[in-house]
Number of protein chains: 2
Amino acid sequence: MLHVAEAARVSVATVSAVINGTAIVSPELTARIEAAIRDIGYKRNAIARSLKMGKTRTIGLTVADITNPFFTDVVAVLQEVLHRAGYAVMLCSNDEDMEMQDEQIQLLLDRMVDGLIIAPAGDDANLKRILGGTKVPIVLIDRICDGVEADAVILDNQRAVFDATTYMLQLGHRRIGYVSGSLDTSTGRDRLEGYHRALEASGVPFDETLVRFGNFREADAYNASMQLLTQPDRPSAIFSANNLMVIGVMKAIRDIGLSCPEDVSVVCFDDFPWADVFRPQLTAVAQPVRAIGEQTAQLILDRLAGRIEDEPRRLVLQGRLMIRNSCRPHASLLQGATA
Amino acid sequence: MLHVAEAARVSVATVSAVINGTAIVSPELTARIEAAIRDIGYKRNAIARSLKMGKTRTIGLTVADITNPFFTDVVAVLQEVLHRAGYAVMLCSNDEDMEMQDEQIQLLLDRMVDGLIIAPAGDDANLKRILGGTKVPIVLIDRICDGVEADAVILDNQRAVFDATTYMLQLGHRRIGYVSGSLDTSTGRDRLEGYHRALEASGVPFDETLVRFGNFREADAYNASMQLLTQPDRPSAIFSANNLMVIGVMKAIRDIGLSCPEDVSVVCFDDFPWADVFRPQLTAVAQPVRAIGEQTAQLILDRLAGRIEDEPRRLVLQGRLMIRNSCRPHASLLQGATA
DNA sequence: AAAGCTAATCTAAACGTTTCGGATGAGTCA
DNA sequence: TGACTCATCCGAAACGTTTAGATTAGCTTT
């Protein structure tokens, strides 16, 4: 910028004025300066600007697992709308590891991000401390951490799996295996709660041997399903609490020599683009990923612009059960039909 | 930092010295300063530091489509190893849109990223100009742009689809439809070339009505496949040049009332985690995503550390054909076997 | 014609670091 | 005792911006 100023024979202040349009400068100088800028090929240094202004125009984003298509989809729309608004996004993915998550958030904060979007791996005291110590707007996504003051956009998880479980019950399934995510997350807890409630509402007794923990990961879900399927009175259906785990579930079913949906029905959380084209066509609860991304982005942009000042908001969206054919009526119902 | 200095009754220079261990300071002062840091809860300002040192310890990353599981996977490992090395990553995804890509790269450069990893949507003159005007190390990934001086880690695309096509030919297929990516990309060109070569090597004449362009996107691939499958002498097999497009291919097959692999065989580029558990189990060429990510990260870290100074390197890795059952022998071969 | 006003431009401080060269003081040596 | 050497520590400039306030010049007003 100094070079530009010299080339145009003006002060740096004037250069700054024309670049930002922050003060009125005469047409001659404007022209001279713009010419100089072009000649030199000057680009203003965003770092210096950030230092002076106290804003970086970048927002930090941490997700528990970027490999998960659900997160990927919302990251894509977040990136899209934030970029359009002139913000860059710094992305971190911790492999559902809370320690690494905290470290990454600290790193983002040190880099003075203007805002923070977090799809938390979980919440520990440390996270609360870090988040409590900052003034940047935060929006939690997918999962919430109670105890942290922040906006959140989440799904009505309990309702969604309540509906899904109810659907399975209506098809005559009574022993429904449940492969759960970690109870360290709100989604893990809420989804399991939805399962409980649905059983309760249908008067089906809860059997604790039917729920196993897959921690939202394929490998863990595989083991969980193996246990589920090798126990004496095996479930006739399995619900997987997310998309990654359903693959583990299917692998277990295959490796045990069973098949879906003939021997065991499967329903899962999170939809796939290919779900209706490969077999079995998965019955799944779809999340409104685009809406989640857009609303999150809007929320944080509104905070950054000072358009919202009040206490934390919580947006909760609804999932939708996509009925396909990985879950079929239980044998008892089929017999009833033919009898 | 000023506050820390005051609290510890020393100069900022000394504080800086103990924080960075850049000079030797007496035990007493060190202790006082460390105590003050703890008391104040001081975190050094990375922006100011970046400005002074001319490095941001962040590296820019643009991919053509973050929604594509292949890119997602390599992004995940990139993020992982770069984070471990103390680097943050700024992520941009342009929807295979070259204009947006250039804009994003410019934005990253303005923010003074220390390095750039690019999975290009394509290369135009503009990109070459932007990239030519900078001194930061660049590594191209997956796709290369000739005319830009940069390291690259890519796949031996031609070889990979040569092998895949040859496999299909050996199974007796003679009319093999090819759903191609955009020829604006090196992957689009190289993969198509592999198809050509394989036909040539087997003495099968090339039929231009068998190749259609899907531009690496599901919707386009769907249309392409519809055309392919509704033409008079329809192909007995289809090769899809990437993962997104194979979904479009499968949808077209379904919508036309055919099925895979009974009526038409399918092989595609890029593997899926679920490929061996849903039916048809896709025969696909798997890319070594972890290796790609790790080598890319290593390459750029080496450049940043000045461990490599010589001219651009090009690492080319090999794909692997995962034979499953979405591609079965052609009817003619089956008859031959039973005859 | 002096004073006041306005519009355009500039000077210089500030943002929070790093780092170079210098200052200080104690110990060593002749 | 004076000079010299270390070991520590500090002052201040610099990184490239932004911006409040000062300055200047040209007009208007009385």
Side-chain angles (χ1 to χ4, degrees), chain A residues 1-37 40-58 86 88 106-114 134-136, chain B residues 1-37 40-58 86 88 106-114 134-136:
Chain A
M1 179 145 148
L2 186 59
H3 298 111
V4 173
E6 283 168 355
R9 304 186 307 283
V10 297
S11 76
V12 290
T14 321
V15 177
S16 177
V18 346
I19 289 179
N20 302 306
T22 128
I24 149 174
V25 357
S26 69
E28 308 95 273
L29 285 205
T30 304
R32 276 216 316 259
I33 290 171
E34 282 171 347
I37 287 178
I40 315 259
Y42 165 81
K43 298 276 180 219
R44 91 172 149 209
N45 184 315
I47 298 294
R49 180 164 219 260
S50 293
L51 177 60
K52 183 62 188 166
M53 310 207 62
K55 5 208 84 173
T56 51
R57 284 197 87 77
T58 104
Q106 190 56 258
L107 178 134
L108 291 171
L109 254 15
D110 289 350
R111 277 181 165 72
M112 300 218 322
V113 293
D114 292 345
T134 179
K135 279 318 281 173
V136 310
Chain B
M1 180 147 147
L2 185 60
H3 298 110
V4 173
E6 283 168 354
R9 303 184 308 281
V10 296
S11 78
V12 290
T14 322
V15 176
S16 178
V18 347
I19 290 179
N20 302 308
T22 127
I24 150 173
V25 359
S26 69
E28 308 95 274
L29 284 205
T30 304
R32 272 209 328 252
I33 290 171
E34 282 171 347
I37 288 178
I40 314 258
Y42 165 81
K43 298 278 178 211
R44 92 172 147 209
N45 184 315
I47 298 293
R49 179 162 219 259
S50 293
L51 176 60
K52 182 63 188 168
M53 310 207 62
K55 5 208 85 171
T56 51
R57 283 198 88 77
T58 104
Q106 189 56 258
L107 178 134
L108 291 172
L109 253 17
D110 289 351
R111 278 184 165 69
M112 301 218 323
V113 292
D114 292 344
T134 180
K135 280 316 282 172
V136 310

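Throughout, protein chains are lettered first and strands after them, A, B, ... in sequence-line order, and every chain is numbered starting at 1.
Axis deviation across the helix from C/dA1-D/dT30 to C/dA30-D/dT1 amounts to 70°, comparing end segments of five pairs, rounded to 10 degrees.
Remark: B/I47 CD1 to A/K52 NZ distance equals 15.0 Å, nearest 0.5 Å. Rounding to the nearest 0.5 Å places NZ of B/K43 at 13.0 Å from CG of B/N45. A distance of 4.0 Å separates CG of A/L109 from OG1 of A/T134, quoted to the nearest 0.5 Å.
If you walk DNA chain C from 5' to 3' and mark each nucleotide with an atom closer than 4.0 Å to a heavy atom of chain B, the marks span C/dG16 to C/dT19.
The CE-P distance, from B/M1 to D/dC10, rounds to 12 Å in whole Å. The separation between B/L29 atom CG and D/dA7 atom C1' is 12 Å, rounded to whole Å.
Between B/D114 and B/K55, the shortest heavy-atom distance links the atoms OD1-CA, 3.4 Å. Shortest non-hydrogen contact noted between A/V136 and A/V113 is CG1-O, 3.5 Å. In plain terms, the two heavy atoms of A/I33 and A/V4 that are nearest each other are O-CG1, 4.2 Å. Annotation for A/A7 and A/A36: closest pair CB-CB, 4.1 Å, computed over non-hydrogen atoms. Among all heavy-atom pairs drawn from B/S26 and B/T30, the shortest one is O-OG1, 2.8 Å. For the pair B/R111 and B/T56, the tightest heavy-atom approach, listed with the atom from each and the gap, is O-CG2, 3.8 Å.
Non-hydrogen atoms lying under 4.0 Å from DNA chain C are contributed by B/A48, B/R49, B/K52, B/M53, all within residues 47-57 of chain B. Near DNA chain D, defined here as any heavy-atom distance below 4.0 Å, the residues from residues 18-28 of chain A are A/N20, listed numerically.
Nearest to the side chain of A/R44, among D/dT19, D/dT17, D/dC10, sits D/dT17.
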Practice task
Determine, for nucleotides 22-28 of chain D in 5'-to-3' order, which nucleotides have protein heavy atoms under 4.0 Å from the base (write B), from only the sugar-phosphate (write S), or from neither (write -).
Solution key: -------
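Here B/S11 does not reach the OP1 or OP2 of D/dG11: none of its side-chain N or O atoms lies under 4.0 Å away.
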Going by atom type alone, with no hydrogens or angles, which donor-acceptor pairs under 3.5 Å involve a side-chain atom of residues 15-23 of chain B and a protein atom two or more places apart or on another chain?
unit_1: B/S16; atom_1: OG; unit_2: B/N20; atom_2: ND2; d: 3.3
unit_1: B/N20; atom_1: OD1; unit_2: B/R44; atom_2: NH1; d: 2.5
unit_1: B/N20; atom_1: OD1; unit_2: B/R49; atom_2: NH2; d: 3.4
unit_1: B/N20; atom_1: ND2; unit_2: B/S16; atom_2: O; d: 3.1

